[in-house]
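Everything below concerns the one structure shown next.
We count residues from 1, following the sequence as given. Both counts, for ligands and for their atoms, begin at 1 and track the order of listing. The figures here come from the full heavy-atom set of this structure, side chains too, leaving out hydrogens, waters and symmetry mates.
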Amino acid sequence: MNQTISPLAGLFPNRADIPAEFAPGEPVFQREYLIGGELKCWQGELAPVLSPVCLRDENTNELTPYVLGATPLLDGTAALSALDAALKAYDLGRGEWPTLPVLERVLHVEKFLQAMLETRSEVIKLLMWEIGKNEADATKEFDRTCDYIRDTIHALKQQDRNAAHFIVEQGTIGKIRRVPVGVALCMGPFNYPLNETFTTLIPALIMGNTVIFKPAKYGVLLIQPLLQAFADSFPPGVINIIYGRGRETVGVLMESGNIDLFAFIGTNKGASDLKKLHPKPHRLRAVLGLDAKNPAIILPCCDLNATVKEAVSGALSFNGQRCTALKILFVHQSIADEFVQKLAQEVNTLKLAMPWQAGAQITPLPEPGKTAALTALLQDATAKGAQVMNQGGGEVAASLFKPAVLYPVTNGMRLYQEEQFGPLVPVVPFSDISEVIDYVIHSDFGQQLSIFGREAQQVGELVDIFANQVGRININSQCQRSPDSFPFTGRKDSAEGTLSVEDALLQFSIPTLVAAKQTDAQIALLKQMILKRSSGFLATDFLF
Ligand code: G3H
């Protein structure tokens, strides 16, 4: 018998409601993983992959997560065989891959890109079903990743061109090239399981490192269509792809002491726990993208309507599940009531829908238990004096959570410090800008912030105050990573290292220098080596 359901629960589809073009195919029970150039078949346990999208039973209205398939739960032994393959391919820097001329490595990456493009519609659909990303954002993630690969190739060629010449300093002739570091372990986050992962994976590969890649916790199946492309595009062992629980697989890799580069996008606790397992931490280079609590600082001189729109987009794009999302809004008390009223109205115009539906803005959340965690944060705030300012804010149906604007949020509420990574928008009124400055200075995080205001003197002074606190200051616009040619970094618990297209190439390589005295004899020897092409390192070819 049909039970009455809430409007929110009614947004979940019956099987018949799903348009054929967006319906997932048969569930995929993946057993393949990639080691040493071969797709192996895992005979052990599998981890179920459940979509955040639930199916609504036509008769009972019961909501059940859509089953997408399963992925292999490898054990430590399988993870170590991936490490063996990566070590063999690197061969202490003497392997084919780390010694390959740059142009040839580029050709391998181009081959991979061509094969990847053929998986476009499949991967986009899996992004929608596995992590609930709406169609427009899922498409953007795929295309942005392909652009990132193209831009990386372009940047590497430019870097190589710049390195083609010799330099002469104080009677010494030198030639500097960037060379690989060793074996890299790359792990990405669930919110950008393709893009963020590939922004470390591709630079690591193209610089000549060999790689072990473990996909994120959710958004795992979407790598499967790419496995063959990886296997076909790179020499054996250059890229190895493993699956499974972090503590069982990645733990043993770190404990081995054979990981040289650790690229990780996730929590600072996760990163610290793993780094500590390495027996020689001084030999581990880490490139980390971690937690953030990016504040918006909304001054009385702001353009209120434009600020509201930008704040909503900054706080709630992809349900607030972006490391760069605006996670706390500080609003001057002279405009706070009006701002909050407009904000609440704007939030309530957002369309809650399934990822394939036109204009979907708020979609189901992929992390099991997330709606309960958000509710706990909301209740903590309301118990301590905040109110939900938008009608229906905080309503839940299975994995759907209606965004909630909370006001006034104060120090002492969990939302004041904790990263919600979801559709909660805490608003803090302030009377003196020093309260906000103190917050930023004493925060454990330091990724980005946004200042909204139109008075040059005030905004300019704040820019200088915050320049030593965060990695990027956005003026009258939300926090974000793009354009990918800009440095993406953070301070304190928010990041280690810098990722832009060009910076990533530096993170995954080290400079090596060949030097000789500027004497006739040494110049003659260098000339001979260049002429006879006896050293690839010393070659002065211009890379077209
Ligand atoms: O989750 C963190 C992403 O790097 C954010 O990228 O600001 O372009 O959405 P985005």
Side-chain angles (χ1 to χ4, degrees), residues 124 127-128 130-149 151-152 186-203 215-219 222 263-268 270-271 287-296 310-328 355 361-363 365-367 370 419-424 445-450 470-491 493-501 503-504 507:
I124 290 171
L127 273 165
M128 293 159 65
E130 273 194 277
I131 59 164
K133 197 162 265 196
N134 69 34
E135 193 198 2
D137 286 348
T139 304
K140 193 163 136 200
E141 176 163 355
F142 188 93
D143 293 342
R144 177 180 178 184
T145 307
C146 295
D147 285 344
Y148 193 95
I149 297 175
D151 292 348
T152 297
C186 296
M187 297 169 70
F190 82 79
N191 61 335
Y192 281 89
L194 190 73
N195 183 260
E196 289 251 11
T197 315
F198 278 43
T199 60
T200 63
L201 179 68
I202 295 296
K217 210 165 170 185
Y218 316 108
L222 61 89
F264 177 87
I265 318 286
T267 64
N268 70 79
V287 183
L288 311 174
L290 306 171
D291 323 53
K293 184 86 179 170
N294 293 342
E310 193 69 12
V312 170
S313 168
L316 293 172
S317 298
F318 190 34
N319 311 312
Q321 299 169 122
R322 292 163 57 235
C323 60
T324 47
L326 289 175
K327 302 212 173 87
I328 188 160
Q361 286 165 300
I362 299 294
T363 54
L365 306 173
E367 292 175 280
K370 184 69 185 187
E419 181 180 18
Q420 62 272 39
F421 213 76
L424 292 176
F445 308 112
Q447 191 200 58
Q448 300 190 17
L449 58 77
S450 294
V470 295
R472 171 167 166 167
I473 298 161
N474 303 279
I475 297 175
N476 292 318
S477 64
Q478 59 177 287
C479 300
Q480 61 185 31
R481 176 177 179 150
S482 62
D484 287 327
S485 53
F486 280 8
F488 179 51
T489 187
R491 290 162 171 266
D493 289 349
S494 285
E496 181 174 344
T498 304
L499 288 172
S500 66
V501 170
D503 282 309
Q507 297 286 339

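Put simply, CD on Gln480 and CG on Leu326 are 10.0 Å apart, with the number rounded to the nearest 0.5 Å.
When only modelled atom types and interatomic distance are considered, Thr363 and Asn319 share a side-chain donor-acceptor pair under 3.5 Å. Judged purely by distance below 3.5 Å, without hydrogens or angles, the side chains of Asn195 and Thr145 pair a donor atom with an acceptor atom. Checking Lys293 against Gln420 by side-chain atom types alone, a donor-acceptor pair falls below 3.5 Å. Between the side chains of Gln321 and Asn191, no donor-acceptor pair is found at a separation under 3.5 Å.
Protein heavy atom closest to atom 9 (O) of ligand 1, with residue, atom name and distance, is Tyr192 OH, 2.3 Å. In terms of protein heavy-atom proximity, atom 5 (C) of ligand 1 is nearest to Thr324 OG1, 3.2 Å. Of the protein's non-hydrogen atoms, Arg481 CB, 3.4 Å is the one closest to atom 6 (O) of ligand 1. In terms of protein heavy-atom proximity, atom 4 (O) of ligand 1 is nearest to Glu196 OE2, 2.2 Å. Nearest protein heavy-atom neighbour of atom 2 (C) of ligand 1: Cys323 SG, 2.2 Å.
The shortest side-chain heavy-atom distance between Asn294 and Phe445 does not fall under the 4.5 Å cut-off. At a threshold of 4.5 Å between non-hydrogen side-chain atoms, the residues Arg322 and Tyr192 count as touching.
If you number the atoms of ligand 1 from 1 as listed, the ones under 4.0 Å from a heavy atom of Arg322 come out as 1 (O), 7 (O), 9 (O), 10 (P).
For a threshold of 3.5 Å applied to N or O pairs, the pair formed by Gln480 and ligand 1 contains no separation below that value.
Residue Arg144 places a heavy atom under 4.0 Å from ligand 1.
Only the side chain of Asn191 comes within contact range of ligand 1, with a heavy atom under 4.0 Å; no backbone atom does.
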